[in-house]
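Presented below is the structure to which this report refers.
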Amino acid sequence: MDLSYLQVLEREKVLEVLRRDKQLRTVEEDRIRRMKCELQDLRRRGAKNFARQYGERTCARCQRPLGKFWNSGAVCCGCSHRICRRCRVGAENWKCTVCHAYREVKIMSGEWFLEEKAKKFPLAKDKYETVGDMLLKIYSGLSHISVVPPTPPPNKDYQFMGRFGELKNSKSFTKSMEDVMVSFKCQIRESNSHNDVRVDFLQVDNSRNGGFFKSSNQKSLSDTNINKSSILFKVPSLPNLFKKSKDSDMEGSSTGAEDEASISSEHSGGQRSSISSISADCGHFDSVSVTGELELAMVYNSNALCLEVTVGACRNLTHGDGKRKKCNPYVKLYVLPDKSSKLKTSVKRNTTDPIYNEVVKYDIERHLLFGKRLQASVWHSGTLKRRVFLGEVLIPLDGWRYEDKSPQRFHWYPLCPKVRAENTFGKEPELMFGLLKV
Amino acid sequence: MTDGDYDYLIKLLALGDSGVGKTTFLYRYTDNKFNPKFITTVGIDFREKRVVYTASNPNGTTTGKTFKVHLQLWDTAGQERFRSLTTAFFRDAMGFLLMFDLTSQQSFLNVRNWMSQLQANAYCENPDIVLVGNKVDLADQREVQEKQAKELADKYGIPYFETSAATGAEVDKAVITLLDLVMKRMEQCVDKPPADSANGNGATKLSDAQPIEKKCAC
């Protein structure tokens, strides 16, 4: 597709239309993300919890016990799970609540259309990208920033490959090297502030919370990085969403939707595996498996012009100190991408279900919330300033309905692990030096 | 800026020869106004409208459920020189308003060409289309008879409307009919068994059949 045959004024006019379209799609992506978050939430509510004992026959959605003869439940035609009477939607061809919601989201989010389109145009790289999107990217000056990625010396390849087992091909290798560059710069800048700063760079989350994020540190200069961030910009597809929630769903119950999940993208899986290795690598904070939920309420106070976030409580946290079964959790909040906005709650001692009920306020004008995200991470405060990451939630603030005048509504958010950031490889600055010397 | 307070975003697209009245048709639909001046569309444009859609059962009775639908109505340039740009946008639309001018036989003859353009560029081989004969108010200049147009629409199996952007006649009906088709299509797409597995079965059948043939040959 080429606009070069148009006159300059005509091209401007077309681009203006495309920008309007982009705005519309931004709103739409936001709406879809909200919908998918709700769906994920619904699924999680049905997931079994290790802490509780279950009878053999329970409803797969609400975990209520089912009888042998009466109230014995029936099998959902969508997910083939045994479902009690209360968790069904529809009369004759009923489906369980989750299968029903999955279908609704597929229709309402336009996922059906993308799937149909992908059947006819299977070669399209990114099924979310519209023609308008593509043209806009080419012509709106996004592409004029370009930095040639550093080429790694060929003889060093093996060594590095050994070091990062996950890096399967040289393309991702090059990318990661750029990441090293980027994060290295970050580190120099930020290293004299607090210990856990670098941890917070790990925030490009394209899976758990719906992933519509601009990379927070605007250093993605090269073309490859731009492409990458534009991918991260997208809302995960439904099958992906299911895949990602799968391992946190302890029961592993499958809906019809999850069958599709098996063909979903591999790269997200790769990213996940790399997180664990990195967090193990990095000596500055420890990470444990993430469980539990965080309760938050948000409201925009238009009189005081501030965003008020009430941290209610946490439940089912992992023990920050697994050996001694200790946990002293606190919650740290940022309004990303602004890193100076850190606020913390108090530390609660010896509990995995802390109750805070603390209100934190961010002075920010409402329109500035557009494109911002609230990052709330839970940490265990150990001895000798040791910090253990217990999980986090990322909430896009532009999709939030601040207009709610009603008293603050608390909502439980499932905690998520840190998801790969663009500079996860920044843990090894000396690697960078090695490269520069060669 | 639009808010996200709607249930569906439906993208429709108007296409047809230059001057058949696509822009005025959409302007009438979204703003209920008529602009008789001819201003040629540069490449592409779109208009938006929020409508309330009442879902109906297959048997035609309404379920009483209503949804807020945000319509994005793409307007395309009919001029030949924008063709490569406009056809590229076909693939992102869910339904199509194929328009011609009732006072121009040539624009009607070109409907065939537009149909094949759609088949090639739309998101699927048989997308939802509504055939629209515009300028029905100019009765004395009429060149295309209703019967002719109806026959063509029947051949393609699509609905046909005679509209007037000047008076507003049938404009809403044409768009709502198309919206209805798209809404029904969504349900079908989601409820039908996944085509992937159907293809998969087909493939296994094929590969099953081949060895048997070989055996016969031996």
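Labels below follow one simple rule: chain letters A, B, ... track the order of the sequence lines, proteins then strands, and each chain is numbered from 1.
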The criterion is side-chain hydrogen bond (donor to acceptor under 3.5 Å, both in side chains); which residues satisfy it with B:Lys11, sequence neighbours excluded? none

As an exercise: rank A:Glu16, A:Glu28, A:Lys13 by heavy-atom pairs under 4.5 Å with chain B and give me the winner. A:Glu28

Output all residues satisfying side-chain hydrogen bond (donor to acceptor under 3.5 Å, both in side chains) with A:Lys95, sequence neighbours left out; order by chain, then residue number. none

Could you check whether the rings of B:Phe89 and B:Trp74 sit parallel, tilted or perpendicular, using 30° and 60° as the cut-offs? tilted

Pull out the residues in residues 12-26 of chain B that come under 4.5 Å of chain A, heavy atom to heavy atom, sorted by number. none

By salt bridge (charged side-chain N to carboxylate O under 4.0 Å, His left out), B:Arg81 pairs with (sequence neighbours left out) A:Glu10

Do the side chain of B:Asp92 and the main chain of A:Val131 share a donor and acceptor less than 3.5 angstrom apart? yes

Select one option (side chain, backbone, both, neither) describing which atoms of B:Glu187 are under 4.5 Å from chain A's heavy atoms. both

A:Arg20 versus chain B, the contacting section by heavy-atom distance below 4.5 Å: both

Is the ring pair B:Phe67/B:Tyr8 parallel, tilted or perpendicular, if the boundaries are 30 and 60 degrees? perpendicular

Name the region of A:Leu18, side chain, backbone, both or neither, that has any atom closer than 4.5 Å to a heavy atom of chain B. side chain

Using heavy-atom distances under 4.5 Å, tell me whether B:Asp75 contacts chain A through its side chain, its backbone, both, or neither. neither

With a 4.5 angstrom heavy-atom cut-off, is it the side chain or the backbone of B:Ala93 that approaches chain A, or both, or neither? backbone

Without hydrogens or angle criteria, can the side chains of B:Asp154 and B:Tyr160 be said to hold a donor-acceptor pair below 3.5 Å? no

Determine whether a donor-acceptor pair (N or O, by modelled atom type, separation under 3.5 Å) exists between the side chain of A:Lys106 and the backbone of B:Val190. no

Could you walk me through whether A:Lys137 and A:Glu129 satisfy the salt bridge (Lys or Arg N to Asp or Glu O under 4.0 Å) test, starting with their C-alpha distance in whole Å, then the side-chain angles of each, then the deciding distance to 0.1 Å, before giving a yes or no? CA-CA 10 Å; A:Lys137 237 178 255 169; A:Glu129 189 175 69; 2.7 Å; yes

